[in-house]
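The structure under discussion appears below in the form of structure tokens.
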Amino acid sequence: MTGAQLATGALRLVLATLPDGDEARDWAEDELGDPVYDAAQPTLLDRIAGAIADFFARLFDTELGAEWNPLLAIVVTGVIAIVVVCAFLIWGRPRSAHRAPSRSALLFGEDEHRTAAELRASAGRRAEAGDWTGAVVDRFRALARSLEERDLLDAPPGTTAQRFAVLAKAPFPAHADALSRAAAAFDDVRYLRREGTAEMYAAVAQLDDAISAARPARLREGVLG
């Protein structure tokens, strides 16, 4: 195989990796719509990077001979660079295969290490016992923790319920009003010492369920903070 044929084959390999416009949009939407997929699975960008790495390995391990055109090599390298830049613009940087979900030890000023599922379970038990105040608090914290676990929002120490609601409106604009009301309910029962009610708990639980099932809006940044 001549150098020109090798370069042509490599170029076809790179271009074959790229989706067409509709497929790229569908892949990007699926990527955004499933933020809790297994972190060990490679993304499309990971696969593209792997294909490029394999190409360069073959390129430098092969006896190219005198027929290899340096200008053709420059063109192929330029195409690969364009592919990488486009992939970054569409899908962002490759994620670490072992990245753990971001989770703060503090949540709304309290030491809180429970997962969203554990907080929801606690809220359910408190609701069954008629402790609506505790149920509202735990369910709102479950909502915040779930967005941390989905890598959609970072709630560092010092973040208030109202600030969380403002940040959460960006990925979930359709729930903006409900987020404001839920944050107000949390503040009422947690800091103003008002008694929680079944209606308050039902509203926060309904919001938590709705956001858990919703796709986040496309954002300029992957994580808010």
query: Yes or no on salt bridge (charged side-chain N to carboxylate O under 4.0 Å, His left out) for E128 and R125, after CA distance, side-chain angles and deciding distance?
result: CA-CA 5 Å; E128 290 178 358; R125 290 191 296 269; over 6 Å; no
message: Between R139 and D209, does the salt bridge (charged side-chain N to carboxylate O under 4.0 Å, His left out) criterion hold? Intermediate values first, please.
response: CA-CA 10 Å; R139 195 58 188 259; D209 290 339; 2.7 Å; yes
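Going from atom CG of D138 over to atom CG of D208 covers 11.5 Å, rounded to the nearest 0.5 Å. I211 CD1 to L179 CG: the interatomic distance, rounded to the nearest 0.5 Å, is 4.5 Å. We find the CG-CZ distance between L147 and F164 to be 4.5 Å, quoted to the nearest 0.5 Å. Of the inter-residue distances, the one linking T133 atom OG1 with R194 atom CZ reads 12.0 Å to the nearest 0.5 angstrom. Between D188 atom CG and E195 atom CD the span is 12.0 Å, to the nearest 0.5 Å. Going from atom CG of L207 over to atom CZ of R181 covers 8.5 Å, rounded to the nearest 0.5 Å.
Between A116 and R145, the shortest heavy-atom contact is N-CG, 3.5 Å. Shown here for A170 and A217, the closest heavy-atom pair between the two residues is O-CB, 3.9 Å. Nearest approach of F140 to A161, heavy atoms of both residues: CE2-CB, 3.6 Å. Shown here for M200 and A185, the closest heavy-atom pair between the two residues is CE-CB, 3.6 Å. When all heavy atoms of R120 and A142 are compared, the pair lying nearest together is CG-CB, 3.5 Å. When every heavy atom of A210 is checked against every heavy atom of H175, the shortest pair comes out as CB-CE1, 3.7 Å.
Checking S122 against R141 by side-chain atom types alone, no donor-acceptor pair falls below 3.5 Å.
The 12-atom threshold is exceeded at CD of Q162, counting heavy atoms of other residues, nucleotides or ligands nearer than 6.0 Å.
Relative orientation of the F186 and Y191 rings is perpendicular, given thresholds of 30° and 60° on the angle between their planes.
Between V189 and V137, some side-chain heavy-atom pair lies under the 4.5 Å cut-off.
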